[in-house]
Amino acid sequence: MRYWFEKYYPFAIAVIITLLIYKFEDYMAELKTLIPQVAQNSLTISGTLLGFLLTILTIINTINTRRMQFVKSTGNFDRLSSFLNLAIKANIFLILTSFFIIFINPDKFNNNILQLVNFSFIFITVFAISLTIRFAVIFIKLLTDG
């Protein structure tokens with residue numbers, strides 16, 4: 001049950017937040033101006049997170065400390081590696097998506113298509129950040145677990 005929760009909660013969080021933003025869109029700043037700002041910030045944050053995650057990937061594959069041997073012996077290393085790889089791929093995809101979102105001229109698109117693009121971008125952003133947070137929480141827990 002716990003593994004199932006760890007595996008799927010980033011997706012559930014992304015869906016819930018995207019639906020909440022959709023439902024309460026009238027109470028928020030206009031997405032037409034908000035999305036390019038979020039895209040700029042996502043480029044910066046995802047680039048930083050990507051560097052952090054790649055550093056961690058290098059570290060966990062090269063160190064052979066007692067703690068890392070414990071993680072490998074318990075069988076958690078494969079799960080940790082898969083969560084790390086997914087977080088890296090999600091941040092790369094978010095960087096690419098953010099880069100392209102910046103160049104979209106919202107006035108040239110049909111409102112329905114633009115709304116689909118905006119909410120897809122919100123979902124991708126929240127999902128990538130949730131995957132990174134999931135990895136960080138598990139990594140810290142494995143390194144500090146007695």
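Each of Leu116 and Met28 belongs to its own hydrophobic cluster when Ile, Leu, Val, Met, Phe, Trp and Tyr are linked at side-chain heavy-atom distances under 4.5 angstrom. In terms of hydrophobic clustering, with Ile, Leu, Val, Met, Phe, Trp and Tyr side chains grouped at heavy-atom distances under 4.5 Å, Ile138 and Leu54 are assigned to a common cluster. Following chains of ILVMFWY side-chain contacts shorter than 4.5 Å, one can reach Leu53 starting from Ile95, so the two form part of one hydrophobic cluster. Put simply, Leu20 and Ile13 are part of two different groups of oily side chains (I, L, V, M, F, W, Y) that touch within less than 4.5 Å, one to the next. By the criterion of side-chain heavy atoms lying less than 4.5 angstrom apart, applied directly or through intervening Ile, Leu, Val, Met, Phe, Trp or Tyr residues, Val137 is not grouped with Phe135; the two fall into different hydrophobic clusters.
Ile102 is listed as a side-chain neighbour of Leu43, based on a closest heavy-atom distance under 4.5 Å. Contact of the Ile104 side chain with the Phe100 side chain is not registered, since no non-hydrogen atoms from C-beta on lie closer than 4.5 Å. Ile17 places none of its side-chain heavy atoms less than 4.5 Å from the side chain of Phe123. The closest side-chain heavy-atom distance from Phe119 to Leu31 is below 4.5 Å. Leu57 places a side-chain heavy atom less than 4.5 Å from the side chain of Asn85. Between Val117 and Phe109 the shortest side-chain heavy-atom distance does not fall below 4.5 Å. Proximity of Leu94 to Phe127: side-chain heavy atoms (C-beta onward) are nowhere separated by under 4.5 Å.
For Lys72, the NZ atom counts as densely surrounded, since its 6.0 Å shell holds more than 12 non-hydrogen atoms of other residues, nucleotides or ligands.
Closest approach of Phe121 to Ala39, counting heavy atoms only: CZ-CA, 3.6 Å.
Classification of Lys32 and Asp107 as a salt-bridged pair holds, one side-chain N sitting under 4.0 Å from a carboxylate O.
To the nearest 0.5 angstrom, Ile129 atom CD1 is 6.0 Å from Ser46 atom OG. Distance check, rounded to the nearest 0.5 Å: CG of Leu84 to CZ of Phe77 gives 9.0 Å. For the atom pair CZ of Phe83 and OG1 of Thr132, the computed distance is 13.0 Å after rounding to the nearest 0.5 Å. How far CG of Asn41 is from OG of Ser98: 9.5 Å, rounded to the nearest 0.5 Å. Summarising the geometry, atom CZ belonging to Phe11 is positioned 10.5 Å from atom CD1 belonging to Ile16; distances are rounded to the nearest 0.5 Å. To the nearest 0.5 Å, atoms CG (Leu50) and CD1 (Ile88) are separated by 7.0 Å.
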Q. So Ile35 and Ile122, side-chain contact (heavy atoms from CB on, under 4.5 Å) or not? Walk me through it.
A. CA-CA 8 Å; Ile35 292 295; Ile122 291 168; 3.8 Å; yes
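Between Phe103 and Phe99, the ring-plane angle classifies as perpendicular under the 30° and 60° cut-offs.
A donor-acceptor distance shorter than 3.5 angstrom exists from the side chain of Ser82 to the backbone of Arg79, with no hydrogens or angles considered. Using a distance-only test at 3.5 Å, with no hydrogens or angles considered, no donor-acceptor pair links the side chain of Thr33 to the main chain of Ala29. A donor-acceptor pair is defined here as one N or O able to donate and one able to accept, closer than 3.5 Å; no such pair exists between the side chain of Arg134 and the backbone of Tyr9.
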